[in-house]
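Working notes, structure below.
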Amino acid sequence: MTTTQERPAEQADREIGKDRRRKEDQRLITGRTRWTDNITLPGMLHLAMVRSPHAHAHVTSISTDAAKASRNVVTVLTGADLAETQGVLINAWAITTDQVTPTHLPVAIDRVAFAGEVVAVVVARSAAEARDAAELVDVEYDLLPAALDLKEAAAATPENGGALAHPDLGTNKSALWIFDSATAGTGGDVDAAIEKARGDGIVIEREYRQQRLIPAFMEPRSTVVDPTGEQITMWSATQIPHILRFALAATTGVPESKIRVIAPDVGGGFGGKLQTTPEEWIVFAVARRLGKPVKFTETRSESLMTGHHGRDQWQKLTLSAEKDGSVTGLKVELLADLGSHVSLVGGGVPVLGAFMFNSIYKFPAYQFNCQTVLTNKTWTDAYRGAGRPEATYAIERLMDELAVEVGVDPFVIREQNWITHEEFPFTTVAGLEYDSGNYEAATAKAKEVFGYDELRAEQKQRRASGDQVQLGIGISTFTEMCGLAPSRVLGSLNYGAGGWEHASVRMLATGKVEVVTGASAHGQGHETAFSQIVADRLGVPFEDVEVLHGDTQIAHKGLDTYGSRSLVVGGEALVLAVDKVIERAKPLAAHLLEASVDDMEFSQGRFSVKGTDQGLGIAEVAMAAFAAHNYPEGTEPGIDAEATYDPVNFNYPHGTHLCAMEVDTETGAVKMRKYVCCDDIGNIINPMIVEGQVHGGLVQGIAQALWEEAVYDDAGTLVSGSFVDYLLPTAADTISFEVEHTTSPALTNTLGTKGVGEAGTIASTPAVVNAVVDAIRHFGINDIQMPCTPERVWKAIHAKDGAGDKPTEGAAMPHFSESEPGTDSTEGAAQ
Amino acid sequence: MIPTEFAYLAPTSIEDALAALAEHGDDAKIIAGGQSLLPVLRMRLNAPEMVIDLGKIDSLRGVRDDGDAIVIGAMTTHHDVLHDPLVAEHAALITKAVEHLADAQIRHRGTFGGALAHADPAGDLGAPTLALGAEFVIAGPGGTRSVTAEDFFVDLFETAIGEDEILTEIRVPKHTGWGAHYEKFVRVVHQWPIVAVAAAIRSDGSTISEAKIGLTNMGNTAVRARATEAGLAGAEVSEEGVRAACDRAAEGTNPPSDLNGGADYRRHLATVITRRAVLKAARG
Amino acid sequence: MTKIELTVDGASVFDDVEPRMLLVQYLREKLGKTGTVIGCDTSNCGACTVHLNGRSVKSCNVLAVQADGAEVTTVEGLAQDGKLHQVQESFRECHGLQCGFCTPGMIMQTIDLLNENPHPTEEEVRLGLEGNLCRCTGYHNIVKSVLHAADQAEGAHA
Amino acid sequence: MELAHRFTVPTGVEETWAHFEDVASVAECFPGAAITSVEDDTFAGTVKVKLGPIALVYSGSGTFVEKDEAAHKFVVDAKGKDKRGNGTAGAKVTLTMNASAAETGSTDVEVLTDLAITGKPAQFGRGVMQDVSDKLLGQFVSCLESRLTGPGEDAEEPVAKAVEPTATPGAVATSPVEAVDPVTRVAAGTPAASPPPARPVAAAPAAKPMPQDDSLDLGATVIPILLKAYWKPIAGVVAVVGLLIWWLAARD
């Protein structure tokens with residue numbers, strides 16, 4: 001059972017829970033920043049990439065003579081030139097043992113598999129001159145049929161003549177990953193449940209599209225490699241300096257100890273910089289070859305075209321329920337587009353969603369299967385939420401459809417099926433153990449702040465009067481698994497690494513504290529939040545804590561930042577390290593105070609002898625350790641400590657999001673009117689930072705619902721390849737949000753915290769689409785494909801009168817408040 | 001990304017600019033505010049050998065009263081046009097259109113003449129200048145000529161400005177007292193309009209006596225909604241009063257189809273957006 | 001090469017530049033003013049916003065030679081005698097930044113916006129920032145920062 | 001993207017077919033094209049496209065991959081790449097001739113074009129390359145038409161003989177010609193023009209000064225001298241040989 005607490009009142013003497021202003025900000029607001037592209041080194045050379053304009057082709061010849069003769073060009077290198085040294089790009093997560101994984105070379109040698117793939121590299125004394133010369137590289141291609149459409153690619157075989165992304169592999173199918181609750185012993189047989197419901201219950205079948213998205217971090221990726229000296233140093237705009245170093249060493253033959261990777265200030269990632277990129281490998285290879293520092297910074301158009309994309313799935317869903325709306329089974333069949341290669345964890349992204357389709361609901365039977373598919377498009381990988389937004393979208397859309405079918409308010413159907421707070425800890429049909437949560441509490445608070453009943457009344461009134469602007473209300477009661485991840489679980493999923501995190505605490509002689517974390521921030525505010533944790537636990541001033549990260553030579557051990565893991569895994573490692581410092585300091589303090597270790601107490605940064613007023617501050621102990629003039633026999637003169645934490649479980653934040661959308665039925669334009677969320681992310685270290693994470697997440701999720709889509713043309717060119725066509729929202733397209741919290745502390749970590757980095761993105765997309773569909777359901781609409789463009793909405797509304805498209809599948813369904821349950825659109829319940 | 005190499009001239013008079021243009025011909029490109037040209041050069045979709053900057057020709061800037069018209073210098077920035085009292089008083093439709101043109105930074109730098117010479121059918125200035133019957137003054141080696149808006153916009157990105165000519169000013173007939181509104185339909189605000197409507201309406205508040213309506217992005221150039229204009233004369237200022245006329249807004253147009261909407265959807269949008277623009281213009 | 005003479009963050013600069021060099025590159029590469037950053041190639045993102053003769057412009061969309069004779073202010077020239085500009089303070093106070101990459105442009109555009117309209121409504125703030133993209137904050141706290149800066153300025157004048 | 005154009009010329013099929021013996025004359029009909037060499041069924045050359053702020057030069061080659069005299073059909077495969085590595089353009093043009101059912105002694109000509117543009121112009125297309133494609137193709141077809149019709153004929157006669165628009169219901173208008181009555185269009189002041197001169201095919205001079213080089217200024221529209229019906233099976237996303245356009249977020 002979970003108890004929900006109100007957020008504890010701020011205590012003046014406690015750092016945790018305070019809205020501390022960020023330590024990071026001073027440099028960022030004054031422009032004293034350390035972006036990778038700011039780095040200039042003596043004699044530094046610049047690269048320009050020559051990229052294939054074709055989605056799929058043989059490279060028949062490359063002529064570099066003219067480019068080599070161009071002004072200030074040092075050399076021009078092709079894949080063949082670099083073949084010995086460039087290494088390969090790895091896939092760290094083969095989701096099945098028989099996964100088909102094409103070889104991924106940084107510079108293509110004889111065949112290109114997506115438009116944007118590098119075929120040659122120009123090295124010049126300036127970036128402009130490199131670009132000038134790149135134009136002179138003459139590449140001849142022999143075009144091959146390109147596999148572009150996901151469904152067609154999945155069906156293509158050598159026999160039927162369908163285009164193959166890699167003809168030598170003989171298939172576009174990479175891996176089929178299946179979870180079945182009957183086999184796993186976590187639930188019943190889903191096919192039996194569906195079959196039964198076809199007879200006496202409700203079966204809802206839908207197909208949803210998760211369109212392809214682009215992470216579109218604001219800082220374009222940049223890499224500088226300096227081979228001067230004994231070690232090769234790489235600065236890169238990456239989320240994963242440690243994984244990057246490992247992969248460079250593993251694939252280039254350079255010993256890991258000879259490589260130092262630094263992620264300086266990194267301008268956003270959202271999963272998009274959770275990658276080992278061809279460009280990083282190329283810069284590394286060129287710098288080694290020439291013995292000079294080399295830089296490459298991508299343009300925005302290169303970034304959109306060649307940085308990995310996200311989502312891109314077709315979801316076929318079958319939900320069965322009893323007539324009263326009690327769910328009995330859920331079957332999920334996915335096609336996931338990998339793009340041209342199986343990137344670092346690309347194949348695993350849908351698997352991260354495999355355990356989440358059942359979400360907060362008590363499904364007795366569940367089956368998930370996912371076919372990953374290779375195509376001749378940019379490769380896909382993690383994008384904020386990675387697998388979980390797709391799952392949450394599907395289930396939250398389906399629960400609305402079920403509510404319509406049964407004829408009840410969508411909240412009723414959710415309450416009827418969700419895990420109640422008394423039932424925690426709860427083992428789900430997907431085999432996860434949810435440690436804590438209180439869906440009732442979060443929902444009640446969200447509803448109250450939202451003014452749910454009033455808005456429903458307004459909706460009814462607008463509908464009755466046939467108002468040109470219709471109102472819709474969207475609900476999303478999400479949960480997710482984050483805090484990646486227990487290493488053993490990752491191992492069982494065949495992931496190539498663990499999920500632990502490392503931290504160390506260095507007590508400086510002057511009383512300052514250096515905290516080193518293996519997490520690698522790029523906007524999350526680790527320097528601030530981690531300082532708050534250390535300040536509280538070690539009893540030192542917040543200002544005296546310095547958080548160091550993002551440099552493999554300083555933070556020698558770490559697994560970086562993604563999957564909402566930094567606080568719940570990295571923070572926990574930090575807690576362990578701090579506790580070790582205290583334990584190490586205790587004997588020294590006792591020695592200095594001439595007291596027994598057993599009599600020592602530590603509180604608010606001070607060791608004291610029980611029952612006396614004798615004591616020593618931790619800074620004094622640190623100084624004593626530094627001086628080392630007087631310390632106990634048999635101990636080391638030092639109180640620094642480090643710790644590695646491997647989480648015992650995932651971490652399950654949840655929340656209720658409510659969204660009101662207005663739909664202009666004359667134009668199809670949709671406008672957000674109100675958005676309220678109440679998230680339960682356990683205990684909060686810094687509420688200000690948490691709210692910022694939620695706001696940003698919300699807008700990314702809303703943007704999937706309404707605006708963003710990576711679109712390819714028939715030739716395989718990304719036509720939404722600039723910010724002109726890839727529509728990021730601006731301040732004028734968004735609204736201010738109401739962000740609330742309830743608190744069910746996580747039971748699996750000391751701080752009781754849960755991840756928040758992805759929550760907003762995961763929850764908001766279905767809330768928005770549910771609201772849009774809710775606004776126009778009375779027109780016979782039960783789905784609008786994302787992004788919900790005005791044209792799609794308008795065409796759906798006007799489908800009946802012949803002005804638009806065909807009606808959406810099952811579109812005859814009436815709104816729940818206005819009619820009897822059951823229509824012929826859905827099998828089972830119709831009598 | 002960086003443009004290809006080019007030489008640069010910043011003449012201080014129209015004569016010098018014309019001379020430079022005559023000398024370099026096809027190899028030269030004029031830069032006004034540069035807000036559309038520079039991205040093209042950065043993308044290297046053009047590689048002129050010479051860029052001639054009109055930024056130092058002071059006589060091309062500013063707005064003046066010229067009897068029955070106001071005259072806007074081609075190098076007047078959007079920002080200056082937006083805040084000009086003469087424009088607001090006599091050509092409010094232009095003020096309204098400029099208000100939401102691109103963004104603040106681009107309005108500070110981009111110029112009225114530059115945008116018109118660029119002749120993007122999705123640009124915001126074609127429709128209002130066309131609706132108001134503006135005349136375009138073009139200087140060339142043989143002197144100065146004046147072209148009506150109808151003749152100025154020739155086709156996609158094409159105007160009546162010759163290769164050796166420069167647009168110097170735009171004369172906008174005064175429409176003092178006319179109601180005006182520019183209604184723009186976009187998915188996100190920094191996007192080019194999917195459709196936009198420029199409406200100038202003369203009315204006594206209850207009945208429309210005359211309407212001038214320009215459409216943005218409904219063809220290869222801005223176009224007039226002539227059938228709607230004719231139908232609005234004498235119409236009552238109300239949803240129902242203007243509906244029939246506005247339903248004809250897309251007549252004779254040839255809108256594009258793109259990621260944001262098909263031609264049929266744009267035709268529909270044009271009727272709705274026109275009605276909204278007309279009512280807002282008429283009601284002030 | 002073309003000779004230019006301009007003032008950047010209060011200091012005068014004489015230089016010879018290639019005409020093709022963009023103002024933002026000039027600031028970053030020749031003057032080391034790396035506080036101003038490049039986020040796109042189509043002038044959509046606004047990360048490179050600086051003030052040119054007191055007005056916000058996108059410095060990726062201006063040639064360095066076009067800045068000849070002008071006065072340029074970057075985010076690095078805002079703090080005076082170690083004291084932050086009110087808008088900088090407000091962004092920190094209201095958590096108007098996360099990764100911070102869009103921040104220099106946001107701050108420079110905010111200052112311009114408040115110069116023109118010292119008491120904007122939320123809607124005016126949102127429209128005034130339409131030329132600046134942010135991917136982290138969802139704009140919520142950026143808008144709050146701008147309104148906070150306006151309030152503070154008002155308070156200071158009162 | 002596939003585009004289709006049809007027109008009718010007042011000459012018999014055999015006579016019309018004979019015009020295509022000259023490979024270069026077909027190739028040079030492409031707007032902005034300059035043919036540098038012809039060898040058997042293959043030609044090489046450049047296409048210079050100028051459109052507003054954009055200027056691109058494609059160099060490449062084309063081959064008559066099929067020439068069926070009996071069926072009066074030929075297929076040309078052309079491909080080129082941009083001089084600055086901005087991408088490639090490819091077109092497969094299928095032209096067929098049939099004796100006109102409507103008018104004895106006349107020939108119906110159908111031109112089907114399958115176009116593919118890659119690289120930056122497609123990447124930054126703002127999704128509207130369709131219009132440009134139609135425009136360029138329209139000029140290509142106009143030029144073919146003028147060659148088939150033969151020099152010297154004035155613009156009025158073919159109009160009278162033109163086939164009726166055959167746009168299918170619900171089809172997307174892709175050319176101003178469809179939307180505007182051709183007579184009105186001429187009357188509205190479009191300068192009457194002769195068919196484009198033989199080679200090189202420069203755009204018809206309008207009332208403004210035009211560079212007399214081999215470049216195509218898309219602005220210098222070849223005046224439609226025949227009523228053409230344009231239609232398009234499916235409006236996909238898009239491209240055309242030598243048709244390049246791109247739109248930007250900024251404005252002057």
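Below, read A as the first sequence line, B as the second, and so on, with proteins coming before strands; counting in each chain starts at 1.
Counting heavy atoms from C-beta outward, B:Ile106 and C:Ser43 have side chains that approach closer than 4.5 Å. Contact check for C:Thr42 versus B:Met43: side-chain heavy atoms found under the 4.5 Å cut-off. Between B:Arg42 and C:Arg20 the shortest side-chain heavy-atom distance does not fall below 4.5 Å.
The local environment of CD in C:Glu123 is sparse, with at most 12 non-hydrogen atoms from other residues, nucleotides or ligands closer than 6.0 Å.
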Inset, instruction - Before giving the answer on side chain to side chain contact (heavy atoms under 4.5 Å, CB included), spell out for B:Asp103 and C:Gln109 the whole-Å C-alpha distance, their side-chain angles and the decisive distance to 0.1 Å. - result: CA-CA 10 Å; B:Asp103 56 50; C:Gln109 179 51 27; over 6 Å; no
Inset, instruction - Might you work through the side chain to side chain contact (heavy atoms under 4.5 Å, CB included) test for B:Ile2 and C:Leu22, ending with a clear yes or no? - result: CA-CA 8 Å; B:Ile2 304 137; C:Leu22 305 170; 5.7 Å; no
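Contact record, B:Tyr8 with C:Pro19: CB-CB, 3.5 Å, taken as the closest heavy-atom pair.
Interface summary for chain C: among B:His108, B:His83, B:Lys56, the most heavy-atom pairs under 4.5 angstrom belong to B:His108. By number of non-hydrogen pairs under 4.5 angstrom with chain B, the leading residue of C:Thr2, C:Val65, C:Thr49 is C:Val65.
The interface of residues 53-60 of chain C with chain B, defined by heavy-atom distances below 4.5 Å, comprises C:Arg55, C:Ser56, C:Val57, C:Lys58, C:Cys60.
Heavy-atom distances place no part of C:Leu113 under 4.5 Å from chain B, backbone and side chain included. With a threshold of 4.5 angstrom between heavy atoms, C:Glu18 approaches chain B through side-chain atoms but not through N, CA, C or O. The parts of C:Leu63 that come within reach of chain B are both its backbone and its side chain, each placing non-hydrogen atoms under 4.5 angstrom from that chain.
Using a 4.0 Å cut-off between charged side-chain N and carboxylate O, B:Arg107 and C:Glu116 make no salt bridge.
Side-chain atoms of B:Gln105 and C:Asn132 include a donor-acceptor pair closer than 3.5 Å.
Here CD of B:Glu99 is found 8.5 Å from CG of C:Leu127. Values are rounded to the nearest 0.5 Å.
For the pair C:Asn61 (side chain) and B:Gln35 (backbone), a donor-acceptor distance under 3.5 Å is present.
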